[in-house]
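Each remark here refers to the structure printed beneath this line.
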Amino acid sequence: MTEKQQKLDQRYLRMARIWAENSYCQRRQVGALVVKEKMIISDGYNGTPSGFENICEDESGLTKPYVLHAEANAITKLARSNNNSDGATIYITASPCIECAKLIIQAGIKRVVYGENYRLSDGIDLLRRAGIEVIYMGD
C-alpha cells in the first residue's frame, strides 16, 4: 500500500469515527463510510430503523434486536440512491460481524478498513475467505 493510500485510509477512518457520534446507542457508537474513487458515496451509523424511537438499548441495557449496524445502514442507503458499491472501500470504526460481512461481500465492496476489533472475528474471517482486502488500523 502506498503512503498516500495509507494517509487517505487514516483520514476516512477518522471521518467514520466522527460520523459514529450521530448514533444514539449508549453501549457502543459505530460509524461507516463507503468510498469509491475518492468520493464518499454512503454513510451510516448504528441505530434503530427510520421512524423508530432513537433508543438502542432495552431497560436491561441490552441492545434491541432490531438495531441496525453502521455497515448495514450505509449499504442499504446505497440501495435507495443512484450509486453502487462495486469495487468500493468501506471504512468502519469496528470490525464487522458475520451478518454485515455477508452484506459487504454481496455489495461488491473490495476493501474493508476498520479501527477496532469486535469480540468475534468470524466477520473478518469470512471477508478474507471471499478475497476482500481487510486492513486493521487500530490506534
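FYI, side chains are in, hydrogens and waters are out, and symmetry mates aren't considered; it's all heavy atoms of this structure.
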So, does [X] use its side chain to make a donor-acceptor pair with the main chain of [Y] at under 3.5 Å?
{"X": "Ser42", "Y": "Ala74", "value": "yes"}
{"X": "Ser95", "Y": "Tyr118", "value": "yes"}
{"X": "Lys36", "Y": "Gly87", "value": "no"}
{"X": "Ser23", "Y": "Val30", "value": "no"}
{"X": "Thr48", "Y": "Glu53", "value": "yes"}
{"X": "Lys77", "Y": "Gly44", "value": "no"}
{"X": "Asn46", "Y": "Arg28", "value": "yes"}

Working to the nearest 0.5 Å, report the span between [atom1] of [X] and [atom2] of [Y].
{"X": "Gln29", "Y": "Asn22", "atom1": "CD", "atom2": "CG", "result": "8.5 Å"}
{"X": "Arg17", "Y": "Arg14", "atom1": "CZ", "atom2": "CZ", "result": "9.0 Å"}
{"X": "Thr93", "Y": "Leu13", "atom1": "OG1", "atom2": "CG", "result": "7.5 Å"}
{"X": "Lys64", "Y": "Ile55", "atom1": "NZ", "atom2": "CD1", "result": "5.0 Å"}
{"X": "Thr2", "Y": "Leu8", "atom1": "OG1", "atom2": "CG", "result": "8.0 Å"}
{"X": "Gln5", "Y": "Ile135", "atom1": "CD", "atom2": "CD1", "result": "7.0 Å"}

Are [X] and [Y] joined in one hydrophobic group, where the rule is that I, L, V, M, F, W and Y side chains link up if heavy atoms are under 4.5 Å apart?
{"X": "Ile92", "Y": "Ile41", "answer": "yes"}
{"X": "Ile104", "Y": "Leu68", "answer": "no"}
{"X": "Trp19", "Y": "Val113", "answer": "no"}
{"X": "Val67", "Y": "Tyr24", "answer": "no"}
{"X": "Val134", "Y": "Ile90", "answer": "yes"}

Heavy-atom pair with the smallest gap, counting every atom of [X] and [Y]:
{"X": "Ala101", "Y": "Leu126", "result": "CB-CD2, 4.2 Å"}
{"X": "Ala72", "Y": "Cys100", "result": "N-SG, 4.2 Å"}
{"X": "Tyr66", "Y": "Pro49", "result": "O-CD, 3.5 Å"}

* Apply the test side-chain contact (heavy atoms from CB on, under 4.5 Å) to residues Leu127 and Ile105: give CA-CA distance (whole Å), side-chain angles for both, the deciding distance (0.1 Å), then the verdict. => CA-CA 7 Å; Leu127 291 171; Ile105 293 164; 4.0 Å; yes

Considering residues at least two apart in sequence or located in another chain, which fulfil the salt bridge (Lys or Arg N to Asp or Glu O under 4.0 Å) criterion with [X]?
{"X": "Glu3", "answer": "none"}
{"X": "Arg128", "answer": "none"}
{"X": "Glu57", "answer": "none"}

* Structure fact -> With sequence neighbours left out, the residues meeting disulfide bond (SG atoms under 2.5 Å apart) with Cys97 are none

* Using a 4.5 Å cut-off on heavy atoms from C-beta on, say whether the side chain of Tyr136 contacts that of Ile124. => no

* **Check: His69 and Leu103 side chains under 4.5 Å, non-hydrogen atoms** => no

* To do: Name all residues meeting the side-chain contact (heavy atoms from CB on, under 4.5 Å) criterion together with Ile40; count only those two or more places apart in sequence or in a different chain, and write none if there are none.
  => Tyr12, Met15, Leu33, Val35

* Kindly indicate, with the supporting measurements, whether the criterion side-chain contact (heavy atoms from CB on, under 4.5 Å) is fulfilled by Arg111 and Tyr91. => CA-CA 9 Å; Arg111 289 179 78 237; Tyr91 295 88; 3.7 Å; yes

* Structure fact -> For residues 41-95, the disulfide bond (SG atoms under 2.5 Å apart) pairs (sequence neighbours left out) are Cys25-Cys56

* Could you verify whether a donor N or O on one side chain and an acceptor N or O on the other, from Asn73 and Tyr45, lie under 3.5 Å apart? => no

